**Q** 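This is the structure I have questions about; it appears just below.
The basis for the numbers below is simple: all heavy atoms, side chains too, and nothing from hydrogens, waters or symmetry mates. In this text, all values refer to a predicted model and were calculated from it rather than measured experimentally.
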Amino acid sequence: MIDPSVIPDLSDLIAIINSNNADTDIGFINKAYNFAREAHKSQLRLSGEPYIIHPLEVAKTLAGLNLDTTTLAAALLHDVIEDSKITIEAIKKEFNEETANLVDGVTKISSLKKRTKYDEVHNLRKMLLATINDVRVILIKLADKLHNLRTIKYQPYEKQQTISKEVLDIYAPLAHRLGMSQLASEIEDISFNILYPEEYKEIAAKVVQKVPEMEIYINHIKEILHAKFNELNITAQVTGRAKHYYSIFQKMRLQEKPIDDIFDIRAIRIIVNEIKECYGILGIIHSLWSPITSRFKDYIAVPKTNMYQSLHTTVIGPYGHPLEFQIRTKEMHTTAEIGIAAHWLYKENPNIQAKEYKNLMLLKNIRRRLSEKDNPQDFLTELKMDLYADEIFTFTPKGKIIKLAKGATAVDFAYAIHTEVGHHCIGAKVNNHIVPLKTELQSGDIIEIRTGNKEHPSESWLKFVKSSNARYKIRNWIRKSEQETGATISKIQQQKDNKTAEVTIPNSELFKIKDISRQKKQNLTINGTSNVLLKLAQCCQPIPGDEVIGFITRGRGLTVHKKTCQSLKKLEIEEERFINIVWEGSVDTYPVKIEINALDRQNLLKDIADEIASAKTNILKMEADATEDDNVRFKIIVEVKSTSHLNQLIHLLKNIKNVTHVHKLNEKVIIK
């Protein structure tokens, strides 16, 4: 039996509750604690401590986030189902249905133990399904993860690695997306220390080394600001801090710099009472130090999707060091620190409503995605788009703000306007200039989308869209389109398997491709029929003379690959969709990209052009760049008739003086 004297009481938890949420029903909390303590009375943690310490610490974390009575009670009870014979029905009877539902949701997450590559996605779906109806479930789970990480040293090494990777992959980004930066930063730093101990030690040592210098620097900034504030009769709280270790590590990787070259690891936070004071102080800061205009962000006028609000500006501070300022009101600061949990703190404030949090884009996207039977990998890809993406703010021509993921394109913008706008977009103007649909957008861009009634989504869009919303809608359209055209594909496959008569493809095991033209791809044919949509794979660029094979795509006809194409390895599991094909005589030409490496000399380019001309080959495009040691590299797109024609050209080029290497590049050919 566990010595009762080592079992903690509720005094610390009640003290936190009294300082954060005086409306909490202490009697209900005490009842939940006694119930949990009895359920866990014979259990110990790996540290040797009584198990009840864990749910108590989880409840203390949530009390510090101002959570309500029901959430705190559920936090104390969150492990009793998994670790004892107590049932959900018993909790419902002893407490209430709301508390039981929260405990049930956390239990379902905790029960997801088995891990395979597929199960990770499957379990993630189940976890989110358990949380989406009441976001407090994930808040309890995040607090649970935090305490487990604080005591992770008692776990085996392999378990520490697994838990920490899961935290950095899923839980920390999820906490950030819910606006809970305080909790997210702590679980990130602990996990960072487990997964990258050497990097962690280096950054920690450097930051500790810089602390005295930073304190002097920040105090100097405070003195300047307070003197100015007193002069203008402004009341503001000014604090300075070094950024979290994992945040610094990410900055080092992004900028590819050592920590000694990362200057903006310090930040000043200014908290005021009213919004108008935020903009006044911004003006004061810009009058004292020169702003870096590209680093200004107004998240007050345009809040982030996780409800975060603040003014951000970076200036060249004293001694030439970049210095970041964050300016916000007290309520904004609370929301910035605890995010969605702030709803329970401000539940009486009519300006902060529960519906605002239910409409968080992350939760809306997850709710929509869980209602669909998506491919597991697509689900994970789109979820990570939501979790990891930074934001940009763009505008319609009428001034409406459209928030998008960083790196988003005109297609992402079109789908953010409306599904039908996305489906029918054919072009875009950015800041009054016509651009390709895959053009990356920047904050502040004004975008106008052109549409056409006969246009429809292309699968190629999936290669460059950055928002899960656009990706989901494109895939959904393609899926429906394939269902509508599925009968044709089924007939093609039936003919191949059963060798029955077929209208669209002749009855033969070996099909011949002829009349293929770069200029007239719509006229590609197989053995005399034009009823089959046919295209040459860009991944391997087959040309007459290459050994090729056909692959039946869903809804898009037949794609021709070289038999040596690496892309075919991914398709081997669908062996029944391959068709044997050979080239038939053709006089057309095909674009091929070749690379030439040579030691630079006078007239080298002229000699290369002359040899290409002597091979009766046209140059469609050429790029050249100098490399080290006076070498030069040419990338040239030429027109050839066949493999033998290409080999002849390569032979001629290799014989040019100073040329060291010539080979064909298996890259997508783009001719502008």
**Q** For a 4.5 angstrom cut-off between non-hydrogen side-chain atoms, does Ile327 reach Ile285?
**A**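 Heavy-atom side-chain distance check passes, below 4.5 Å.
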
**Q** Start with the C-alpha distance between Arg295 and Thr313, add both sets of side-chain angles, then the distance that settles side-chain hydrogen bond (donor to acceptor under 3.5 Å, both in side chains), and finish with yes or no.
**A** CA-CA 6 Å; Arg295 299 284 298 274; Thr313 187; over 6 Å; no

**Q** For Leu102 and Thr71, work out which heavy atoms get closest and say how close.
**A** CD1-CA, 4.1 Å

**Q** Using the rule given for side chain to side chain contact (heavy atoms under 4.5 Å, CB included), can you reason through Ile275 versus Gln309, listing the C-alpha separation, both sets of side-chain angles and the distance that settles it, and then say yes or no?
**A** CA-CA 10 Å; Ile275 291 177; Gln309 287 184 286; 5.7 Å; no

**Q** Between Thr107 (side chain) and Ile81 (backbone), is there a donor-acceptor pair under 3.5 Å?
**A** no

**Q** Write down the atom of His220, the atom of Pro318, and the distance for their closest heavy-atom approach.
**A** CD2-CG, 4.1 Å

**Q** Has the side chain of Glu337 got a donor or acceptor atom that lies under 3.5 Å from a matching backbone atom of His333?
**A**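 No, because the side chain of Glu337 does not come within donor-acceptor range (under 3.5 Å) of the backbone of His333.
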
**Q** Before accepting this row, confirm whether a basic side-chain N of the pair Glu166/Lys145 lies closer than 4.0 Å to the acidic partner's carboxylate O.
**A** yes

**Q** How are the rings of Tyr245 and Tyr200 set relative to one another: parallel (under 30°), tilted (30 to 60°) or perpendicular (over 60°)?
**A** perpendicular

**Q** Ignoring hydrogens and geometry, is there a side-chain-to-backbone donor-acceptor pair from Asp189 to Tyr246 under 3.5 Å?
**A**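 Here the side-chain-to-backbone pair exists.
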
**Q** When you measure from the side chain of Gln160 to the backbone of Gln155, do you find a donor-acceptor pair of N or O atoms at a distance under 3.5 Å?
**A**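 Between the backbone of Gln155 and the side chain of Gln160 there is a qualifying donor-acceptor contact (under 3.5 Å).
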
**Q** Quick check with a 6.0 Å cut-off and a 45 degree axis cone: is Lys304 positioned over the face of Tyr299's six-membered ring?
**A**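 Yes; both conditions hold, so Lys304 lies above the ring face of Tyr299.
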
**Q** At their closest point, which heavy atom of Val272 faces which heavy atom of Cys278, and how far apart are they?
**A**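 So the minimum-distance heavy-atom pair works out to CG2-SG, 3.7 Å.
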
**Q** Mind checking whether Tyr51 and His40 have parallel, tilted or perpendicular rings, split at 30° and 60°?
**A** tilted

**Q** Of the non-hydrogen atoms in Glu188 and Ala172, which two are nearest, and what is the gap between them?
**A** CG-CB, 3.5 Å

**Q** Can you find a pair of side-chain heavy atoms, one from Arg136 and one from Thr70, that are under 4.5 Å apart?
**A** yes

**Q** Any side-chain heavy atom of Lys141 sitting closer than 4.5 Å to one from Tyr171?
**A**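 They are in contact (side-chain heavy atoms under 4.5 Å apart), so the answer is yes.
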
**Q** Could you check whether any side-chain heavy atom of Asn101 comes within less than 4.5 Å of a side-chain heavy atom of Val137, counting everything from C-beta outward?
**A**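 No, every pair of side-chain atoms sits at 4.5 Å or beyond.
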
**Q** Side chains of Thr329 and Glu331: any donor to acceptor distance under 3.5 Å?
**A**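 Side chains of Glu331 and Thr329: no pair found under 3.5 Å.
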
**Q** Does the pair Asp412/Arg471 count as a salt bridge with the N-to-O cut at 4.0 Å?
**A** no

**Q** Are Phe192 and Phe249 near enough that their ring centres are under 6.0 Å apart?
**A**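 Close enough - the centres of the two rings lie under 6.0 Å apart.
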
**Q** Looking at Lys210 and Glu213, is there a salt bridge between them, counting it only when a charged N and a carboxylate O are closer than 4.0 Å?
**A** no

**Q** Do the non-hydrogen side-chain atoms of His286 and Leu282 ever get within less than 4.5 Å of each other?
**A** yes

**Q** Decide yes or no on side chain to side chain contact (heavy atoms under 4.5 Å, CB included) for Ile234 and His226, but give the supporting numbers first.
**A** CA-CA 9 Å; Ile234 294 174; His226 281 307; over 6 Å; no

**Q** Are any non-hydrogen side-chain atoms of Lys463 and Lys438 less than 4.5 angstrom apart?
**A**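 Not touching, per the 4.5 Å side-chain cut-off.
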
**Q** Taking the side chain from Ser19 and the backbone from Ile16, do they hold a donor-acceptor pair closer than 3.5 Å?
**A**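 The answer is yes, because a donor-acceptor pair under 3.5 Å joins these two groups.
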
**Q** With side-chain hydrogen bond (donor to acceptor under 3.5 Å, both in side chains) as the criterion, how do Glu440 and Gln442 come out once you've worked through the C-alpha distance, each side chain's angles and the decisive distance to 0.1 Å?
**A** CA-CA 7 Å; Glu440 278 195 17; Gln442 306 296 324; 4.6 Å; no

**Q** Are any side-chain N or O atoms of Asp445 and backbone N or O atoms of Ile447, one a donor and one an acceptor, separated by less than 3.5 Å?
**A**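 It does not hold such a pair.
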
**Q** With under 30° as parallel and over 60° as perpendicular, where do the rings of Trp289 and Phe325 fit, or are they tilted in between?
**A** parallel

**Q** Looking only at heavy atoms, which two atoms of Pro55 and Ala75 are closest? And how far apart?
**A**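 Reported closest heavy-atom pair: CB-O, 3.7 Å.
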
**Q** Considering all heavy atoms of both residues, which atom of Ile270 and which atom of Ala236 are nearest to each other, and what is their separation?
**A**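 Distance-wise, the nearest heavy atoms are CG2-CB, 3.9 Å.
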
**Q** Within the 4.5 Å heavy-atom criterion, are Ile17 and Ile26 side-chain neighbours or not?
**A** yes

**Q** Step through the shown structure and confirm whether more than 12 heavy atoms of other residues, nucleotides or ligands are within 6.0 Å of CD1 on Ile292.
**A**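 Buried by this count: over 12 neighbours within 6.0 Å.
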
**Q** Quick one: does Gln161's side chain have a donor or acceptor within less than 3.5 Å of a partner on Glu158's backbone?
**A** no

**Q** Considering only heavy atoms from C-beta outward, does the side chain of Asp298 approach that of His312 to under 4.5 Å?
**A** no

